[in-house]
Colleague: 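The structure that follows is given in the form of structure tokens.
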Amino acid sequence: MTDQIRKASVELHIEELVLEGFPHLDRTQLGDAVRDELARLMAERGVPPGLAQGGTVARLEGGEFQVAPGANARTIGAQIAQAVYRGLSW
């Protein structure tokens, strides 16, 4: 008998990302970093329970996180993605 692995297919669309207290960042790098880190987290940890049943999430509070002085857009984007993932893991 062959073991079959069922992989979930998820399409995530972020309409608006509101960041307070950040200076001007490279939006393209930031967006790419958020996308890449969310993909990594879902591949490693699976689809969060908040998305596993399908449907939409109208609003998600990502909470707060500490950013090191001088952090670049890729690092901040990864932190944002981790906060989003935590928010979906309810």
Side-chain angles (χ1 to χ4, degrees):
M1 181 176 357
T2 307
D3 288 330
Q4 293 183 358
I5 298 173
R6 182 176 168 214
K7 293 189 176 188
S9 176
V10 175
E11 181 175 325
L12 181 63
H13 174 78
I14 299 174
E15 183 72 29
E16 181 179 25
L17 179 61
V18 178
L19 302 174
E20 296 177 3
F22 286 91
H24 176 71
L25 296 170
D26 182 325
R27 291 180 183 178
T28 301
Q29 274 191 333
L30 184 71
D32 289 349
V34 170
R35 180 197 62 225
D36 295 348
E37 181 67 4
L38 278 172
R40 184 190 73 76
L41 290 167
M42 288 190 195
E44 289 182 4
R45 300 179 187 170
V47 176
L51 292 180
Q53 301 302 316
T56 60
V57 177
R59 180 183 172 105
L60 179 102
E61 285 291 333
E64 296 178 6
F65 53 90
Q66 296 293 317
V67 176
N72 63 30
R74 291 220 42 99
T75 300
I76 295 169
Q79 288 182 279
I80 292 167
Q82 292 162 10
V84 168
Y85 189 85
R86 280 192 307 273
L88 292 169
S89 297
W90 36 266

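Just so we're clear, the structure is a prediction, and the values are computed from it rather than from any experiment.
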Colleague: If every non-hydrogen atom of Leu41 is compared with every non-hydrogen atom of Tyr85, which pair is closest and at what distance?
Modeller: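 In this case the closest contact between Leu41 and Tyr85 is CD1-CB, 3.7 Å.
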Colleague: By salt bridge (Lys or Arg N to Asp or Glu O under 4.0 Å), which residues pair with Glu16, not counting sequence neighbours?
Modeller: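 If we apply the salt bridge (Lys or Arg N to Asp or Glu O under 4.0 Å) test to Glu16, skipping adjacent residues, there are no hits.
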Colleague: Return a table of donor-acceptor pairs under 3.5 angstrom between the side chains of residues 75-84 and protein atoms on other chains or two or more places apart.
Modeller:
{"residue": "Thr75", "atom": "OG1", "partner": "Asn72", "partner atom": "OD1", "Å": "3.0"}
{"residue": "Gln79", "atom": "NE2", "partner": "Gln66", "partner atom": "O", "Å": "2.6"}
{"residue": "Gln82", "atom": "NE2", "partner": "Glu37", "partner atom": "OE2", "Å": "2.9"}

Colleague: Is there a side-chain contact between Arg74 and Leu30 (heavy atoms, below 4.5 Å)?
Modeller: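 No - every pair of side-chain heavy atoms lies 4.5 Å or more apart.
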